[in-house]
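None of these values were measured; they are calculated from a predicted model.
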Amino acid sequence: MLLVKDLSLLNGRKVSLELLPGHSYVLQGPNGSGKTVLLRTLAGLYPSTFTAFSYKRKNFDDYRMDDFRSKILYVSSATHLSLEMTAEEYLVAPLKLEIYKNHTSGFSPDEYLSRWELRGKILAHLSSGQRQLLTILRTLTLKGEILLLDEPTSHMDKEKTLEVEALIKTWQKGDPERTFLLVSHSEVQAKRLGTVLEFSDLIS
């Protein structure tokens, strides 16, 4: 599904890996090793050189960048949001972009807004964990086929962590080809979610 060989990262390392359709991966490695840089490069957010970089057997260079980025979605561990927005305004903001014109999603965040008591809340009044929840909900409403999640539950308690994991799994079941790669430092979480990839093993 997504294949890279000798993908050059901004920190000077080169990585090779393949993400197969319908699979779940957990990326682990020491802080500062380059996991975030890898995810952002895979999402087309950082420039790179490579021996091969293809998605669904189509070369990266043959994609329009907005089309590529609408399919491979990056969820940051940071929560840099427009704090004046309400939760609802934040969720629909990307749908104003041209690439999401006439967009319909098989996922509705309404249930989770109520369950997590986020409905009508101003982002400035939310905790880091609540902002992370909103970012994940917003991403799942888009047309992504691969999710690249950078420590998405790092600011959450165990209960919310398990809910988010279940939510991601539910999103994945909506399409047999959906795949996710999630960065986590938790061995327990890694065992729950999927195939573990050690960052050091990907360096080519």
Side-chain angles (χ1 to χ4, degrees), residues 19 22-27 36 39-40 42-45 66-186 189-190 192-194:
L19 303 181
H23 282 59
S24 308
Y25 301 93
V26 179
L27 181 63
T36 295
L39 263 60
R40 292 184 64 86
L42 291 175
L45 299 174
D66 59 352
D67 185 39
F68 182 84
R69 288 176 178 168
S70 72
K71 292 177 171 60
I72 301 177
L73 302 177
Y74 171 70
V75 181
S76 173
S77 59
T79 52
H80 303 301
L81 314 182
S82 179
L83 299 182
E84 297 79 19
M85 286 184 173
T86 64
E88 290 85 349
E89 288 170 338
Y90 176 70
L91 288 176
V92 301
L95 302 181
K96 298 177 182 179
L97 300 175
E98 181 65 26
I99 60 172
Y100 294 115
K101 186 179 181 180
N102 302 319
H103 170 68
T104 56
S105 172
F107 172 77
S108 173
D110 290 346
E111 171 191 348
Y112 297 93
L113 283 176
S114 298
R115 181 190 302 179
W116 293 335
E117 300 180 347
L118 297 172
R119 191 174 299 281
K121 296 291 181 66
I122 303 296
L123 270 58
H125 302 158
L126 300 181
S127 67
S128 295
Q130 288 173 315
R131 293 175 193 171
Q132 270 188 314
L133 288 171
L134 273 178
T135 298
I136 293 166
L137 286 177
R138 184 167 86 164
T139 303
L140 296 185
T141 66
L142 305 180
K143 294 180 178 178
E145 297 171 354
I146 293 181
L147 282 186
L148 305 174
L149 302 121
D150 192 359
E151 298 189 66
T153 59
S154 58
H155 298 293
M156 299 179 195
D157 60 25
K158 183 177 180 180
E159 180 182 353
K160 285 293 190 297
T161 294
L162 293 174
E163 285 192 64
V164 167
E165 290 175 4
L167 177 58
I168 294 168
K169 286 289 191 178
T170 298
W171 165 84
Q172 187 177 41
K173 290 176 182 176
D175 185 323
E177 291 206 343
R178 284 177 177 168
T179 295
F180 70 82
L181 172 63
L182 181 147
V183 172
S184 175
H185 289 286
S186 169
Q189 184 175 52
R192 285 196 300 261
L193 288 181

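The side-chain contact (heavy atoms from CB on, under 4.5 Å) check on Thr170 picks up nothing, with sequence neighbours excluded. Scored by the ring pair (Phe, Tyr, Trp, His ring centres under 6.0 Å) test, Trp171 finds no partners at all (sequence neighbours excluded). Considering only residues two or more places apart in sequence or on other chains, Leu97 meets the side-chain contact (heavy atoms from CB on, under 4.5 Å) condition with Ile99, Tyr100. Annotation: side-chain contact (heavy atoms from CB on, under 4.5 Å) contacts of Thr179 (sequence neighbours excluded): Met1, Leu19, Tyr25, Ile146. Ser127 meets the side-chain contact (heavy atoms from CB on, under 4.5 Å) test with Gln130; sequence neighbours excluded. Partners of Arg115 according to the salt bridge (Lys or Arg N to Asp or Glu O under 4.0 Å) rule, which considers only residues two or more places apart in sequence or in another chain, are Glu111, Glu163.
For the side-chain contact (heavy atoms from CB on, under 4.5 Å) test with Leu149, the passing option among Val183, Val164, Ile168, Leu181 is Ile168; the others fail. Looking at Leu147, Ile136, Leu133 one by one, the single match for side-chain contact (heavy atoms from CB on, under 4.5 Å) with Pro152 turns out to be Ile136.
Looking at Glu88, its side chain never comes within 3.5 Å of a backbone N or O of Arg119 through a donor-acceptor pair. The main-chain N or O of Lys71 is never found under 3.5 Å from a side-chain atom of Glu145 such that the two would form a donor-acceptor pair. Looking only at distances, no side-chain donor or acceptor of Gln132 sits under 3.5 Å from a matching main-chain atom of Met156. Lys160 places no side-chain N or O within 3.5 Å of a backbone atom of His155 that could act as its donor or acceptor partner.
Side-chain contact annotation: Gln189 with Thr153, donor-acceptor N/O pair under 3.5 Å present.
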